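Structure first, then comments.
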Amino acid sequence: MTKGVIYTETVVHAAPEHLLAEAPYQLAIITIDENDSDHAGNRLTVRIDGDRVVIGDKVEFLEDRDNVPFYKKLA
Amino acid sequence: MTDFAHKTWSRAISRAILMIYDTQHPIYGPARRRQQPVMRQVAIIGIGKTAFGSFPDLDLRSLAVEASQACLADANVSPTQVEAFHLGNFAGPAFVGQNHLAPYIAGAMGITGVPATRFEAACASGGSAFYHAVMSVAAGIQDLVLVTGVEKMTSQPTAKVAEILAGAGDMSGEGRAGATFPALFAMIARRHMYQYGTTREHLAAVAVKNHANGAMNPQAHMRKAITMAQALAGKPIAEPLSVFDCSLISDGAAAVMLAPLERAAEFTNKAVRILGIAQTSDYVALDCKTDITAFRAVRDAGAKAYKMAKVKAADIQFAELHDCFTIAEIIACEDLGFVEKGKGGPYALSGETSLTGSRPINTSGGLKAKGHPVGATGVAQLCDITLQIRGEAGERQIERHSLGLAQNLGGSGATAVVTILGAQ
């Protein structure tokens with residue numbers, strides 16, 4: 001699950017209580033890259049760190065924070 | 001034909017007939033032995049609603065009792081005649097700290113000694129309570145069933161409300177990652193825009209129309225028309241959705257009274273018939289769905305309801321659709337077959353869904369302007385369709401009002417209830 005493609009995304013401005021300090025933040029559903037044989041084609045809801053992404057952008061896994069996967073845009 | 005051939009044929013035919021009707025036949029037998037259920041026709045014989053809005057002085061029970069009593073009065077039914085009480089409520093325990101809500105509310109009206117049950121299916125809680133009540137009456141288990149939906153939301157700060165509502169999604173995945181409900185529908189909108197060219201103007205057109213209708217509804221939360229320019233300039237909530245794309249956080253309750261059609265005349269001369277109804281489900285998490293630009297549960301429920309009512313999408317004259325977000329009304333029009341897939345955006349902008357259009361949608365103002373007390377919504381939609389069919393919608397009354405549809409959506413599409421109502 002190291003790489004994926006943005007299926008859809010949003011930038012959340014009105015955050016839930018436990019994430020008030022982090023807003024605005026970008027959330028995305030990614031499709032796991034076809035070269036990742038175990039999970040290819042699966043979708044995953046992730047947070048985006050760093051540069052904003054749009055549908056079709058390629059992203060790679062950055063780290064887990066409190067069991068939330070963070071991905072960043074591939075250069 | 002020779003005598004021999006004739007005999008052979010008649011024997012073969014009679015054997016085939018016997019085989020089909022033989023209840024002990026190994027293949028056809030089980031289907032023959034199963035009795036076809038005899039479903040009774042069901043009618044709505046009364047409706048009642050509170051105004052929707054922010055009511056600091058009214059608690060959850062007061063709201064539910066007010067709507068229920070208005071409904072009992074409208075149906076000419078006394079509390080002691082009620083044979084079952086179905087409550088639609090999403091998150092009473094989280095919003096106001098009270099559990100065991102159905103007998104808690106029923107008892108306050110003197111309704112005891114009957115099944116009193118709360119139904120929870122996120123924003124489709126009201127629709128689900130109604131669906132199961134209709135099934136009970138249709139099956140002949142009860143005659144007079146009161147269905148009430150209620151939610152008391154404004155006693156909590158907005159961020160807390162967002163947190164509670166997020167619980168209608170998958171809290172182990174999308175919820176933990178920070179997906180509020182606006183965020184889930186924002187991601188749906190983004191994908192719909194990407195695949196079908198839907199625009200911000202298409203979304204805004206839904207808000208403008210529903211606000212215009214809500215301005216004429218004395219019980220609406222937001223009785224204020226807005227312009228396209230205002231709708232496009234709203235504060236961002238979850239991009240591309242702004243505050244004008246989101247339904248309201250409201251307090252309110254709504255109730256309907258059911259009876260078998262054959263008994264309706266004992267109580268009222270303005271009964272409305274339930275022609276078709278279906279509830280279906282799908283995965284809770286948005287990332288489990290193959291295509292997030294359509295709600296499979298809505299499509300399935302719609303198809304089943306149309307079949308039961310023996311009508312087609314084109315026959316539906318008006319509808320109350322679940323516009324929790326503007327994009328949801330656009331997708332509902334597609335899922336229910338009012339327009340082709342991907343054409344919901346231009347349809348919203350065309351004017352065809354306005355009060356004077358060919359198929360008015362959300363004449364009540366919808367969740368957008370009427371308000372969205374979550375558990376009440378599914379029941380309120382049925383009240384609003386009933387009001388139009390009876391010709392009692394006042395300033396909002398439409399011309400063709402004998403066949404209406406209500407669509408209630410739970411979560412980001414995990415529950416859907418579609419109901420088709422018709423004049424007698």
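Remember, predicted model here, so these are calculated numbers, not experimental data. In what follows, chains are A, B, ... by sequence order, proteins preceding strands, each numbered from 1.
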Polar contact flag, side-chain donor to acceptor under 3.5 angstrom, B:Glu334-B:His192:
yes

Chain B contact via A:Ala28 - which portion, at a heavy-atom distance below 4.5 Å
backbone

Salt-bridge present (B:Lys209, B:Asp323; N to O < 4.0 Å)
no

So B:Leu241 and B:Phe325, do their side chains get closer than 4.5 Å, heavy atoms only?
yes

With a 4.5 angstrom heavy-atom cut-off, could you sort out which part of B:Thr290 is near chain A: side chain, backbone, both or neither?
backbone

Select, from A:Gln26, A:Glu9, A:Arg65, the one with the greatest count of heavy-atom pairs under 4.5 Å involving chain B.
A:Glu9

Contact class of B:Ala179 relative to chain A, heavy atoms under 4.5 angstrom:
both

For B:Lys289, is it the side chain, the backbone, both, or neither that has a heavy atom closer than 4.5 Å to a heavy atom of chain A?
backbone

Counting only non-hydrogen atoms closer than 4.5 Å, does A:Tyr7 touch chain B with its backbone (N, CA, C, O), its side chain (CB onward), both, or neither?
both

Indicate yes or no: does B:Glu329 engage B:Lys368 in a salt bridge with an N to O separation below 4.0 Å.
no

Strictly less than 4.5 Å between heavy atoms, which residues of residues 15-22 of chain A line up against chain B? Please order them by number.
A:Ala15, A:Pro16, A:Glu17, A:His18, A:Leu19, A:Leu20

Looking at A:Ile29, A:Thr31, A:Val12, which makes the most heavy-atom pairs under 4.5 Å with chain B?
A:Ile29

Quick one: does B:Lys370's side chain get under 4.5 Å of B:His221's, heavy atoms only?
no

Do the charged groups of B:Asp282 and B:Arg296 touch, with an N to O distance under 4.0 Å?
yes

Most heavy-atom pairs under 4.5 Å with chain A, out of B:Pro236, B:Ala186, B:Ala162, B:Pro157, belong to B:Pro236

Strictly less than 4.5 Å between heavy atoms, which residues of residues 45-60 of chain A line up against chain B? Please order them by number.
A:Thr45, A:Arg47, A:Ile55

What part of A:Asn67 gets within 4.5 angstrom of chain B, counting heavy atoms only: side chain, backbone, both, or neither?
both

Less than 4.5 Å to any heavy atom of chain A: does that hold for the side chain of B:Ile292, its backbone, both, or neither?
both

With no hydrogens and no angle check, is any side-chain donor or acceptor of B:Lys152 less than 3.5 Å from a backbone partner on B:Phe55?
yes

Between B:Glu340 and B:Lys343, is there a salt bridge with N-O shorter than 4.0 Å?
yes

For B:Ala207, is there any backbone N or O sitting under 3.5 Å from a side-chain donor or acceptor partner on B:Asn210?
no

Could you go step by step and tell me if B:Thr154 and B:Asp251 meet the side chain to side chain donor-acceptor pair (under 3.5 Å) rule?
CA-CA 6 Å; B:Thr154 65; B:Asp251 304 330; 2.6 Å; yes

Hey, are B:Arg191 and B:Thr293 close enough side-chain-wise for a donor-acceptor pair under 3.5 Å?
no

Just by distance, with hydrogens left out, do B:Thr326 and B:Asp245 show a side-chain donor and acceptor under 3.5 Å apart?
yes

Pairing donors with acceptors under 3.5 angstrom, does anything connect the side chains of B:Ser250 and B:His372?
no

Taking it one step at a time, do B:Val298 and B:Leu409 satisfy side-chain contact (heavy atoms from CB on, under 4.5 Å)?
CA-CA 8 Å; B:Val298 176; B:Leu409 186 74; 3.5 Å; yes

Looking at B:Pro240, B:Gly175, B:Gly178, B:Ala183, which has the largest count of heavy-atom pairs under 4.5 Å with chain A?
B:Gly178

Using non-hydrogen atoms and a 4.5 Å limit, figure out which bit of B:Pro182 sits close to chain A: side chain, backbone, both or neither.
neither

Look at the aromatic rings of B:Phe295 and B:Phe185 and report parallel, tilted or perpendicular, splitting at 30° and 60°.
tilted

